[in-house]
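To start, the structure itself, in structure tokens.
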Number of protein chains: 2
Amino acid sequence: MKSPSPTPNFAPIKTQRAFEVICEQIRAQLASGTLKTGDKLPAERELAAEFQVSRSALREALRSLEVAGIIRNVKGVKGGAFIQSAEPDRIVQAMQDYVHLGNISLDELTEARLATQDIIVRLACARASEADLAELEAIAERTRQETSVEARYECAAAYYRVLARATRNRMFGIFVDSLSAILHEFVQGPDYETLQETLIDSRFKLVRHLRARDADAAAAEMRKHLERVHRHVRKNLKAQGASTKTRKIPT
Amino acid sequence: MKSPSPTPNFAPIKTQRAFEVICEQIRAQLASGTLKTGDKLPAERELAAEFQVSRSALREALRSLEVAGIIRNVKGVKGGAFIQSAEPDRIVQAMQDYVHLGNISLDELTEARLATQDIIVRLACARASEADLAELEAIAERTRQETSVEARYECAAAYYRVLARATRNRMFGIFVDSLSAILHEFVQGPDYETLQETLIDSRFKLVRHLRARDADAAAAEMRKHLERVHRHVRKNLKAQGASTKTRKIPT
DNA sequence: CTCCTTTAATGGTCCGACCATTATAATATT
DNA sequence: AATATTATAATGGTCGGACCATTAAAGGAG
């Protein structure tokens, strides 16, 4: 055995690649406020010269920033890379990737959803405006008229997004979007049609509780709803067994 | 005025770029289970030939997947693109970017943190093993011995990560990591040293409540802690005023 | 003045080359 | 024979130049 290294606490040598350095510099300018939403970066060929790297390396950096949702690339003259305004889509995507790669179980998802929705309902109960409530009702009404499963899902997503917005806290919107996007891949199944009617009823009930500012009743209604969905998904997962689509989330 | 378009519900024309198509195909194979953690993609030159695109386009796709945390690129012979195991880092990064770009206020952050930590404490109170509690104590103890601000922050992050892990729900770990990473940029300030002692005491108290399985007391202790930090950050933000660093988060 | 054409800037893609790193095979050394 | 050294080849990282598609603005025709 060799002698152990005397001081094992060296700084980790990290071969920084060109695109990483570029990304860091741009991110730093973003965090410091030098760059802000709406700003336009120089053209690729120009930026490459400025950073003294090839256009390929610069493009990989820009591509990274784009998929991170930080910039938006637009073609044509007067095109270029524009600093994006904040969109939570990337967070949702990242969470979806994490679940696809990882080991989050359906039970964990549901528990997290129960917890966050409980908070959301209670906050919304305290803060929702009459306009919010009316919008919720309108969406629930529209859900009844939609026929396709996909359209109904869109309505459901809109409903919960408005509900989250009523908390006046954008963080909850992100949580909700992430969790429901992940669960969306699993809500289809044989009895989904019949379940839908129950779900829509539940949404009307929830609005009534919110309007009465009865937080406990609203939270209870939400809880019943989520547990219904959970049972539905769980049943379908068991029924379909080893389908490639469902194996991804262990129950 | 021209006649309005008769059917405004056309499908949005979206010029799909090569790298996007590649990303989608690989993500699809991931979701369907064809690709899974540890798998190795063919070499770049080979993959490019298979997709019938240039190496540059393929590399932009791989770069996107890498920054999304889906693959890891390793150099040298026997190198290549390996499907990564799930790491929540990317979600944290995405949330950080969102805050930097966006309009999340400190109050919103704190509220979300209060809500999630309340859940976490209560779940941990019910589920934490003696090993978890001992680890929490050990970390709190170690924090006292550390001197640098950065090392103490690392301890604090470790403490809350272990606490989240004690819920046996990985989702909460993600939430906590994201929120605390964002807040970390703002915890420095003149009185941080003196505050630290109080914070460490609070962590010991919290463990005692958890060991006694007193969820309400534990949640209350956590709440006091978070409010302390919130007041501290808020005060420093006001004191420093229009610093470029602090202007990013409206209070 | 309006409409059409041309033009130039810009991102998207492709190609071919070379460099740096790395695991393996071949060779030299003891 | 065992070990250390060196050569080799595969692979990702970078480079530079070229061409295409798109787009806004300038220029020209009526």
Side-chain angles (χ1 to χ4, degrees), chain A residues 1-3 10-27 35 37-84, chain B residues 1-3 10-27 35 37-84:
Chain A
M1 183 191 285
K2 292 270 192 72
S3 65
F10 285 119
I13 295 183
K14 190 178 160 191
T15 306
Q16 282 247 348
R17 293 168 289 184
F19 86 95
E20 287 177 315
V21 180
I22 299 173
C23 282
E24 277 174 22
Q25 290 200 24
I26 294 181
R27 271 203 166 91
L35 284 175
T37 299
D39 288 354
K40 177 177 171 301
L41 298 179
E44 287 184 356
R45 296 163 175 83
E46 200 174 330
L47 254 187
E50 198 167 329
F51 280 113
Q52 298 191 15
V53 296
S54 76
R55 208 182 143 207
S56 326
L58 178 88
R59 275 180 62 79
E60 290 190 19
L62 292 185
R63 188 65 67 226
S64 302
L65 294 175
E66 183 190 322
V67 301
I70 293 181
I71 64 174
R72 182 176 123 256
N73 290 311
V74 28
K75 288 174 67 171
V77 61
K78 289 296 174 185
F82 295 86
I83 307 289
Q84 273 283 70
Chain B
M1 183 191 288
K2 293 272 190 72
S3 64
F10 285 119
I13 294 182
K14 189 179 163 190
T15 305
Q16 281 242 337
R17 293 168 289 183
F19 86 94
E20 287 177 316
V21 181
I22 298 174
C23 282
E24 279 174 21
Q25 291 200 23
I26 293 181
R27 272 202 166 91
L35 284 176
T37 298
D39 288 354
K40 177 177 172 301
L41 298 179
E44 287 184 358
R45 296 162 176 85
E46 200 174 330
L47 254 187
E50 198 167 329
F51 280 114
Q52 299 192 11
V53 296
S54 77
R55 208 183 141 205
S56 325
L58 179 87
R59 275 180 63 80
E60 290 191 18
L62 292 185
R63 189 63 68 226
S64 303
L65 295 175
E66 183 188 324
V67 300
I70 294 181
I71 64 174
R72 180 176 124 257
N73 290 311
V74 30
K75 289 175 68 171
V77 60
K78 289 296 174 185
F82 295 85
I83 306 290
Q84 274 282 70

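Naming: A, B, ... by sequence-line order, numbering from 1 per chain.
- Taking CG of B:Leu35 as the start and CD1 of B:Ile70 as the end, the distance is 10.5 Å to the nearest 0.5 Å.
- In this model, a side-chain donor or acceptor of B:Arg55 finds a partner on the base of D:dG13 within 3.5 Å.
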- Are A:Leu58 and A:Arg45 close enough, and set up right, to give a side-chain contact (heavy atoms from CB on, under 4.5 Å), and what steps lead you there? CA-CA 9 Å; A:Leu58 178 88; A:Arg45 296 163 175 83; over 6 Å; no

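- Within 6.0 Å of atom NZ in A:Lys78, 12 or fewer heavy atoms from other residues, nucleotides or ligands are found, so the atom counts as exposed in its surroundings.
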- Query: Run the side-chain contact (heavy atoms from CB on, under 4.5 Å) check on A:Arg17 and A:Glu60 step by step: do they pass?
  - Reply: CA-CA 11 Å; A:Arg17 293 168 289 184; A:Glu60 290 190 19; over 6 Å; no

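- Near DNA chain D, meaning a heavy atom under 4.0 Å away, the residues from residues 72-79 of chain A are A:Lys75, A:Gly76, A:Val77, A:Lys78.
- Salt-bridge formation is detected for the pair B:Arg63/B:Glu66: a Lys NZ or Arg NE/NH1/NH2 atom is positioned less than 4.0 Å from an Asp or Glu carboxylate oxygen.
- Across A:Val67 and A:Ser64, no two heavy atoms sit closer than the pair CG2-O, 3.2 Å.
- When all heavy atoms are compared, the tightest approach of A:Ala68 to A:Arg27 is CB-NH2, 3.7 Å.
- The interatomic distance linking B:Glu44 (CD) with D:dA9 (C1') rounds to 17 Å, in whole Å.
- In summary, contact between chain B and DNA chain C, defined as any nucleotide atom under 4.0 Å from a heavy atom of the protein, begins and ends at C:dG12 to C:dA23 in the 5' to 3' direction.
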- Message: Let's go through B:Leu41 and B:Leu62 carefully: what are the C-alpha distance in whole Å and the side-chain angles of both, what is the deciding distance for side-chain contact (heavy atoms from CB on, under 4.5 Å) to 0.1 Å, and is it a yes or a no?
- Response: CA-CA 10 Å; B:Leu41 298 179; B:Leu62 292 185; 4.2 Å; yes

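- Heavy-atom minimum distance, B:Ala61 versus B:Cys23: O-SG, 3.6 Å.
- Between A:Ala57 and A:Ala18, the shortest heavy-atom contact is CB-CB, 4.2 Å.
- Near DNA chain C, meaning a heavy atom under 4.0 Å from it, residues 58-66 of chain A has A:Arg59, A:Arg63 in order of number.
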